[in-house]
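Remarks on the structure that follows.
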Number of protein chains: 2
Amino acid sequence: MTAKQRLPDRKSKVTVREVALRANVSESTVSRILRNKGPIADDTREKVMEVVRAMGYVPNRIAGSLASLNSNLVGVIIPSLSNIVFPEVLQGIHAGLEATDNMQAVISISNYDVELEENVIRGLLAWKPAAVLTTGFEHSDATRRMLELSDVRVVEMMDIDSDPIDIAVGMSHRSAGYATGRHLVEKGWRRFGYVGHNLDNDRRARLRFEGLRSALFEAGLDIAARAVAGSASSVGAGKQMTAQLLDGDTPVDVIVYSNDDMAVGGVFHCQSAGISIPGDVAVFGFNGLDIGFQMPQPLSTIRSNRFLIGKTAIEAMLTEPAGTKIDTGFEIFEGGTA
Amino acid sequence: MTAKQRLPDRKSKVTVREVALRANVSESTVSRILRNKGPIADDTREKVMEVVRAMGYVPNRIAGSLASLNSNLVGVIIPSLSNIVFPEVLQGIHAGLEATDNMQAVISISNYDVELEENVIRGLLAWKPAAVLTTGFEHSDATRRMLELSDVRVVEMMDIDSDPIDIAVGMSHRSAGYATGRHLVEKGWRRFGYVGHNLDNDRRARLRFEGLRSALFEAGLDIAARAVAGSASSVGAGKQMTAQLLDGDTPVDVIVYSNDDMAVGGVFHCQSAGISIPGDVAVFGFNGLDIGFQMPQPLSTIRSNRFLIGKTAIEAMLTEPAGTKIDTGFEIFEGGTA
DNA sequence: CTGAAAGCGCTTACAG
DNA sequence: CTGAAAGCGCTTACAG
């Protein structure tokens, strides 16, 4: 226990008060030194810092936030953690946060449910965060109102196909769908299939689908057959729906998927069934996930910039005026499956 | 704008004070009603709740926490978000939290770096969380000390092969490695290869490796060849290291991977190179990720329970005494690749 | 360059 | 069943 002798006292919680007492200065001086605010004599600073270290003092941010009426918390609401796309956005947010004066993310999940989102945001706002970053434009009226009435910055991430409450950072999913259609038509594909997941709560996948159809219409084409799962997107759903589509009566020579997870499932199904890609059928995804890129035949897809969206969301919330929309773009990845 | 007439006043932030004033009661009464504490006359409650709704009052949790000296925050530190395993743990934590009186997770990333973890935990403790959930047993001395001195509950997740600071929830990675070795030896494999990632900061992968070797030793065997990436685990690293191992001089008939990501990379390499699995070489992973399960040949692996670990961590922190270790177990998944 | 005082928005004994 | 008062641990004008 001798090793513990120079450690902070076991129990007694140490506050600015104790530090001030021990250092023979006022609480305000301790506070100023700790926040590097205002002019401080060098020896005062040294004396105080020594006491701070000796006592193992950790400022209480709850008290600090209450007193200064601002917190360094950023509320983040994402729809799900099971789709790797959102953890990637979180990584970007985390990277953006590292450049700040140690802001902290408070993360919640909305499960693609606007009612749940409303509750979650209510709980978040109670912590008086500096900003709330949420996903997409679909919110309940009450959510929208809470956000408008509060004076926190709001960033709606992923999508820029509508007008933001405050700031939007993302890409145009409609354009991505359109670009997919144009690209595939130009490559000579004519008989289009579509394999999707439950789009009821996935506005962005719906927008991509609409964009795709517009491009096909312009070329005098349409989607000849489709198979849509009742569940969220997953590799398993992609396998199943691909099997269903290919077992149908309408022949297709290219399948556009609602995203890469579904498309990887499509590739797995074709491998199992001895269907050659892209000879028998071509496959095109969306997102540009690493798993698709690493497959023996790299998945043809559109790369979205999830990390960039998260990082930019933080930067924008710190610097941009209300009404800003930032397009993080996308790019077609040729790959080997279409 | 008539629709906005009944909405809360635009600016003036509303506090208990305003609610109390408008409802003709004291602040303490408002506080009691909002927290369902103590006896309250029915009509008082109704009257106050009406005002609360009318004014759109949202309690300030920062003030609440400071006054009551306890927060509903739970600090969570995970090493990374790029390995899907940790988002899965977060999902479990989220599920566990839903059963509580709306506690909120504050999530930070340590990037497998004990120094960074120390800073992150320091920042977290400043928020006086109810508990800190972190990953594994590897911490700096300072981290360990902070955690011990603070009176927050501490859960170390994923691993149970050491003694916890407070509570540990996870599985024995040594046993999992051992079980892998036994299983594969029993199935008749004799020439073992190992493909891994950078294990310097990954104690659990090291423990699995040690367990595997023990099992092999007991059977009079050893690892004949290995290829270890300098980077973190990924499908790409798995492809590359598998190629390297199979190009070496030492023939192997089964490869044990440090985890499923690496193993999936191994499968992809074999597909590209026309190597048949498990005929030419068998493949065995660790984790039981969905992607491995969905492949045309389901990946042989060990299933860990990441979701359960997260969920149990929350439950344990609420109910279990210090010193508790909870084994969430694992199971061998036969699959088709070994 | 430093200190005394008020206050941030709640909660919690304590009294009645 | 309800209220007045003190206090949680900081920060921020204001004075000097």
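Keep in mind that this is a model prediction, so the values were computed, not measured. Numbered from 1 within each chain, the chains take letters A, B, ... in sequence-line order.
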Tell me the partner of dA15(D), counting only Watson-Crick (N1-N3 plus N6-O4 or O6-N4) or G-U wobble (N1-O2 and O6-N3) with both under 3.5 Å; none if nothing fits. dT2(C)
Heavy-atom donor-acceptor pair, Asn305(A) side chain to Thr328(A) backbone, under 3.5 Å: yes
Here the distance between atom P of dG9(C) and atom NZ of Lys128(A), to the nearest Å, is 9 Å
Whole-Å distance separating the CZ atom of Arg61(B) from the C1' atom of dC8(C): 18 Å
So if I take residues 25-44 of chain A and measure heavy-atom distances to DNA chain D, which residues fall below 4.0 Å? Glu27(A), Ser28(A), Ser31(A), Arg32(A), Arg35(A)
Tell me the interatomic distance from Arg17(A), atom CZ, to dT11(D), atom P, rounded to whole angstroms. 16 Å
Looking at Glu315(A) and Gly96(A), would you say the former's side chain and the latter's main chain have a donor-acceptor pair under 3.5 Å? no
With heavy atoms under 4.0 Å as the rule, sort Leu69(B) into base, sugar-phosphate or nothing. sugar-phosphate
For Glu18(A) and Thr15(A), indicate whether the former's side chain and the latter's backbone hold a donor-acceptor pair under 3.5 Å. yes
Show the nearest heavy-atom pair for residues Val76(A) and Leu124(A), with the distance to one decimal. N-CD2, 4.2 Å
Separation of dG9(C) P from Leu21(B) CG (nearest whole Å): 14 Å
Spatial distance of atom CG (Asn60(B)) from atom CH2 (Trp127(A)) [nearest 0.5 Å]: 8.5 Å
Strictly below 4.0 Å: does Tyr57(A) bring a side-chain N or O up to OP1 or OP2 of dC10(D)? yes
Nearest whole angstrom, please: distance from the P of dG9(D) to the CG of Asn60(A). 7 Å
Does any N or O in the side chain of Glu118(B) come within less than 3.5 Å of the main-chain N or O of Ala142(B), such that one atom is a donor and the other an acceptor? no
Please state how far atom CG in Leu66(B) lies from atom P in dC8(D), giving the value in whole angstrom units. 9 Å
If I take atom CG in residue Asn72(A) and atom C1' in nucleotide dC10(D), what distance separates them, rounded to the nearest angstrom? 14 Å
